Amino acid sequence: MVVVVLAALVLPAVRNRDSFPLSTYPMYAGTRDAVETLPTVVGLDRSGEARRLSSTTVARTDDPLIATSLLRTAIRTDQADALCAEIAARAPEGTVTVEVVEERLDLVARVRGDDAVLERLVHARCSVPA
């Protein structure tokens, strides 16, 4: 019995396949650089105060990886303006402007709660429909 359990644990690593009970999925197995560029969507209120919009508002999902993928694709294919308009239509109350941006972040500073934005590039800006 012990041999079977050990084989089940070792086999995915030997075959280099992601499988139960050992996951080799690289998204969770690798380390990140200290600086990363991430797409996001920011909502601005009348006073200009910014807040990041949720994955649900951005991509109608609670999965941030899906939202990030949607944003990256829209930016890469020059569809950020169209996506901005879609997001603006479902922006939370009090939001008057939506921006689709990429931010270059110091991830260590972000974890510490310090200002982490090193650079910010706005790909699309649109008004929220009245």
Side-chain angles (χ1 to χ4, degrees):
M1 181 67 168
V2 172
V3 172
V4 172
V5 171
L6 287 175
L9 288 171
V10 173
L11 190 59
V14 172
R15 294 178 63 203
N16 197 24
R17 259 185 63 210
D18 188 45
S19 178
F20 180 81
L22 178 65
S23 177
T24 58
Y25 199 58
M27 173 168 89
Y28 301 112
T31 59
R32 281 195 161 178
D33 293 331
V35 175
E36 184 79 32
T37 300
L38 299 173
T40 191
V41 179
V42 176
L44 304 168
D45 65 15
R46 291 197 187 287
S47 68
E49 185 175 333
R51 65 178 167 170
R52 293 187 198 293
L53 299 185
S54 70
S55 297
T56 303
T57 302
V58 170
R60 295 181 177 162
T61 180
D62 60 355
D63 187 334
L65 297 176
I66 293 172
T68 299
S69 177
L70 177 73
L71 289 169
R72 283 193 172 126
T73 300
I75 291 167
R76 185 180 66 248
T77 61
D78 292 326
Q79 297 297 313
D81 288 323
L83 181 60
C84 187
E86 287 178 32
I87 295 167
R90 55 181 175 264
E93 188 174 328
T95 305
V96 296
T97 303
V98 170
E99 293 179 338
V100 176
V101 301
E102 281 184 306
E103 294 177 334
R104 194 165 158 259
L105 301 170
D106 178 334
L107 298 178
V108 175
R110 187 174 183 178
V111 168
R112 290 182 180 151
D114 298 333
D115 184 18
V117 178
L118 303 173
E119 187 178 353
R120 188 170 188 269
L121 177 61
V122 178
H123 289 278
R125 179 180 208 150
C126 56
S127 296
V128 173

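Everything quoted here is computed from the prediction, not taken from an experiment. One is the number of the first residue; the rest follow in order along the sequence.
One finds no salt bridge joining Arg110 and Glu36 here, because no Lys/Arg side-chain nitrogen approaches an Asp/Glu carboxylate oxygen to under 4.0 Å.
For Arg90, the CZ atom sits in a packed shell: over 12 heavy atoms of surrounding residues, nucleotides or ligands are nearer than 6.0 Å.
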Margin query: For Arg72 and Leu38: C-alpha separation, side-chain torsions, deciding distance, then whether side chain to side chain contact (heavy atoms under 4.5 Å, CB included) applies.
Written below: CA-CA 8 Å; Arg72 283 193 172 126; Leu38 299 173; 3.6 Å; yes
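No donor-acceptor distance shorter than 3.5 angstrom exists from the side chain of Asp33 to the backbone of Val35, with no hydrogens or angles considered. The backbone N or O of Pro64 lies less than 3.5 Å from a partner atom in the side chain of Thr68, making a donor-acceptor pair. Within the 3.5 Å criterion, the main-chain N or O of Asp63 finds a donor-acceptor partner in the side chain of Thr61.
For the pair Val96 and Ser127, the minimum side-chain heavy-atom distance is 4.5 Å or more. The shortest distance between side-chain heavy atoms of Leu44 and Glu99 falls below 4.5 Å. The side-chain heavy atoms of His123 and Glu102, taken from C-beta on, include a pair separated by under 4.5 Å. In this structure the side chain of Cys126 never reaches within 4.5 angstrom of the side chain of Thr97, judged on heavy atoms. Within the 4.5 Å cutoff, the side chain of Leu105 has heavy atoms near those of the Val117 side chain.
Val58 pairs in a side chain to side chain contact (heavy atoms under 4.5 Å, CB included) with only one of the listed residues (Val98, Ile66, Leu71), which is Leu71.
The stretch residues 37-50 participates, sequence neighbours left out, in these side chain to side chain donor-acceptor pair (under 3.5 Å) pairs: Asp45-Ser47.
Atom CZ in Arg51 sits 4.5 Å away from atom OG1 in Thr95 (nearest 0.5 Å).
When all heavy atoms are compared, the tightest approach of Leu70 to Ala59 is CD2-CB, 3.6 Å.
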Atom pairs and distances, side-chain donor-acceptor, residues 73-89, under 3.5 Å, sequence neighbours left out:
| unit_1 | atom_1 | unit_2 | atom_2 | d |
| --- | --- | --- | --- | --- |
| Thr73 | OG1 | Ser69 | O | 3.0 |
| Thr77 | OG1 | Thr73 | O | 2.7 |

